[in-house]
Engineer: 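Have a look at the structure that comes next, please.
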Amino acid sequence: MARRATVRVVPLGDRQAFADRIAEAEHDGRTTLGDLLREGPALALQPLDGLAGTPVVSLSVELADPGPDEPLYRPPGMVVGGTAADAGPPADPGPPVEQRPMEGARPAAGHPEVIDEATTVRIAYDEQIRQTAEYLAADLSVLVRCEKLLVEHLALEMAGRSGHHVKVIPAESAGGKPSGVLPGGGAGRRQQILTELQVAVRHCGKRDVLVVAHLDLLAGGSDAALGAEARELIDVLYERSKVVLLAFVDPSLVIPEVLANRFAVRVDIDILPREVLAETGEAIPIGTALVTREEAERFEGFQPVQFYKHIAGLNAVRLRHAMIYAGHVHPRGVFQDLLDELRKFKARTTASSFEVPHVTLDDIGGYAEVRKELLRALALLNEPERIPKKFRSELLPKGFIFYGPPGTGKTLFAKAVATAMNATILVVSGPEVTDMYVGESERKVREIFAEARRNAPAIIVFDEIDSIASRRSGREDGGSRAGNAIVAQLLTEMDGFRPEVQVLIIGTTNRLDIIDEALLRPSRFRAVAIGLPDRDARREIAAVHARHFEVTVPGVVLDRLAVVTKDMNGDEIRSIFRDARVDQLLTSPDGDVGPDRLGTVVGRLRQGRHQRDLNREQGASDHPEADPPATGTDDDVVL
Ligand code: ATP
């Protein structure tokens, strides 16, 4: 067995209590050295060299006394010094602490053995953490826009590395309490935190940085006319503009601009980087740095580079959650299994109903031209590395509009594309988006896109996109104010696409003629016609559904079916097999679905159409010379 590394530590509090804590950690087997030191709190007498994530049980931890000039080292994420809990003048800075860059910001060159959330965040966002810490060290206030799951870890890292004395508001956020909501809750609690903040601002010293973990929630979370909470917060933060602040807001929440202006610098933490620098100085894929060796081995053929596009939009903590989920539900498998599980994880953990599609291009009959066009797009989407970097955002397709009569498989094609991209898919009904209050629709569109980015690769399908994106002017029905704003929002979102995060928009419509031209520019949506199927396509569609409903159909019968289903769409052809299957199950459960039964159903279907045509004709009797209906029979069709 390898010799255990010895780590000498200096507790900042009760020595005996800390010795007991070491014994406990050795016993539970899970507590890492980082946890032990942070909880202690305690400092190490040597650089931690990546040991912070190692369980205490695999180390030899000894209590020691520091010599007068010996530097002390702390684990990543540890704050040394008071929090605003004391709300008094700047606390005693405590023992001298080396303010060098913290240990372990760079990962080893291969997969780590173990990795905790704090380390994940530190590795993934090392660059932004370093930059932010530098701004803070230069006494510049920083506003960080990132998802709430990251706040706790980022706050401690950024402020901790600044070299300033750190105070956290609310105080309990510093202790690793779950972030995301204001602890406690309610207006009373908000008031309490505001007071805490006010006291801290008044007492803040020159080398202090004040961390506001959830600025958005304190502000009342609205960009509308300034509410009372926002006003109060503005008063507090502007009271002493010299105080160095580090505040966090969630990208889905908006804060008043005047509040944001209090900060000299804004930092966005959105997508994961493709690569990070290892301690050796070489760039390694994020799929190597943030995935443990065991996880990579669990999914045979794991490809760290390919992996990136499936996780680019996740934040680092959510990536770790996704990996743990995948390993839990799929203890052994191949790389594709991991991708499938990641998709399921994303679909399950979103507010909107993103789904994992099950349709493949093989489930769609006919339409060779459409298929060819989509395969070309997929070749680029699935291997963006084929495109030189500088052209990527221009050459990657952003959207399609599938247009044609109902029931021809437009939604089906969208789902098949999603499957081929390993993407999640969200089908949004156009009218649902437009039937909202002014302003609400744009917010909805913004949210849908944000969620799609977080779950990339993703496809958003806008069914009946004509209801959203009808022409902005020149038509009585298409120029409404709300409609304009939604189109504008849609365009903004599409223009802001980043090639790393694959989001494809597919609109479906029966009315291409009323779609806003701005959307039909080649760089935005490409229009693809999906009309009624021709004879060959009808034969193929029939074959697909015969297979699906397990009906054996000889080739000659398929030929006949293709003829007698003239003018029918894919949905109707499917219904022939479905209805014949139902008839057979009800009348002769042990029998087969033979050509006779199919013929009866086709006859019924054509009769129904005939009747509908007649009714329509009667309704339109002021047009006596209307064309006679195309099909019409009362008989079964002989196949
Ligand atoms: P709408 O415009 O009414 O939304 P759509 O064109 O999106 O219709 P889909 O919902 O994709 O039509 O198709 C409905 C059903 O019809 C599908 O679930 C599928 O079973 C069947 N279908 C349509 N076209 C095809 C096809 N080309 N191949 C196989 N099945 C098809």
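Numbering of ligands and ligand atoms starts at 1, following listing order. FYI, side chains are in, hydrogens and waters are out, and symmetry mates aren't considered; it's all heavy atoms of this structure.
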Engineer: What I want to find out is whether D362 reaches R547 closely enough, with some N-O distance under 4.0 Å, to be called a salt bridge.
Structural biologist: no
Engineer: Which residue owns the protein heavy atom closest to atom 20 (O) of ligand 1, what's the atom, and how far is it?
Structural biologist: R574 CD, 2.7 Å
Engineer: Please write down residue, atom name and distance for the protein heavy atom closest to atom 8 (O) of ligand 1.
Structural biologist: G407 N, 2.9 Å
Engineer: What do you reckon, does T508 put a non-hydrogen atom under 4.0 Å from ligand 1?
Structural biologist: no
Engineer: Just by distance, do the side chain of Y308 and the backbone of E500 share a donor-acceptor pair under 3.5 Å?
Structural biologist: no
Engineer: Can E147 and R453 be counted as an ion pair, charged N to O under 4.0 angstrom?
Structural biologist: no
Engineer: Side chains of E572 and I576, heavy atoms from C-beta outward: is any pair under 4.5 Å?
Structural biologist: no
Engineer: Does R535 come within less than 4.0 Å of D559, counting only side-chain N to carboxylate O?
Structural biologist: no
Engineer: Would you tell me which option among G409, G365, G570 has the nearest heavy-atom contact to atom 27 (N) of ligand 1?
Structural biologist: G365
Engineer: Do R597 and S588 have a side chain donor and acceptor closer than 3.5 Å?
Structural biologist: yes
Engineer: How far is atom 4 (O) of ligand 1 from its nearest protein heavy atom, and which residue and atom name does that atom have?
Structural biologist: T411 OG1, 4.0 Å
Engineer: So is I573 touching ligand 1 or not, going by heavy atoms under 4.0 Å?
Structural biologist: no
Engineer: Please work out whether the ring planes of F345 and Y325 are parallel, tilted or perpendicular, with thresholds of 30° and 60°.
Structural biologist: tilted
Engineer: List ligand 1 atoms under 4.0 Å from Y367, heavy atoms only on the residue side.
Structural biologist: 27 (N)
Engineer: Does any donor atom in the side chain of D463 or S429 lie under 3.5 Å from an acceptor atom in the other side chain?
Structural biologist: no
Engineer: Does only the side chain of I530 get under 4.0 Å from ligand 1, or the backbone, or both, or neither? Count heavy atoms.
Structural biologist: neither
Engineer: Looking only at protein heavy atoms, which one is nearest to atom 31 (C) of ligand 1, and what is the separation?
Structural biologist: L412 CD2, 3.5 Å
Engineer: Would you please classify the geometry between the F413 ring and the Y367 ring as parallel, tilted or perpendicular, with 30° and 60° separating the classes?
Structural biologist: perpendicular
Engineer: List the closest protein heavy-atom neighbour of atom 30 (N) of ligand 1: residue, atom name, distance to the nearest 0.1 Å.
Structural biologist: H545 NE2, 2.9 Å
Engineer: Please identify which atoms of ligand 1 are closer than 4.0 Å to at least one heavy atom of I541.
Structural biologist: 26 (C), 27 (N), 28 (N), 29 (C)
Engineer: Which option wins on minimum heavy-atom distance to atom 6 (O) of ligand 1: K410, E572, E464, R371?
Structural biologist: K410
Engineer: State whether the shortest distance between N or O atoms of D571 and N or O atoms of ligand 1 falls below 3.5 angstrom.
Structural biologist: yes
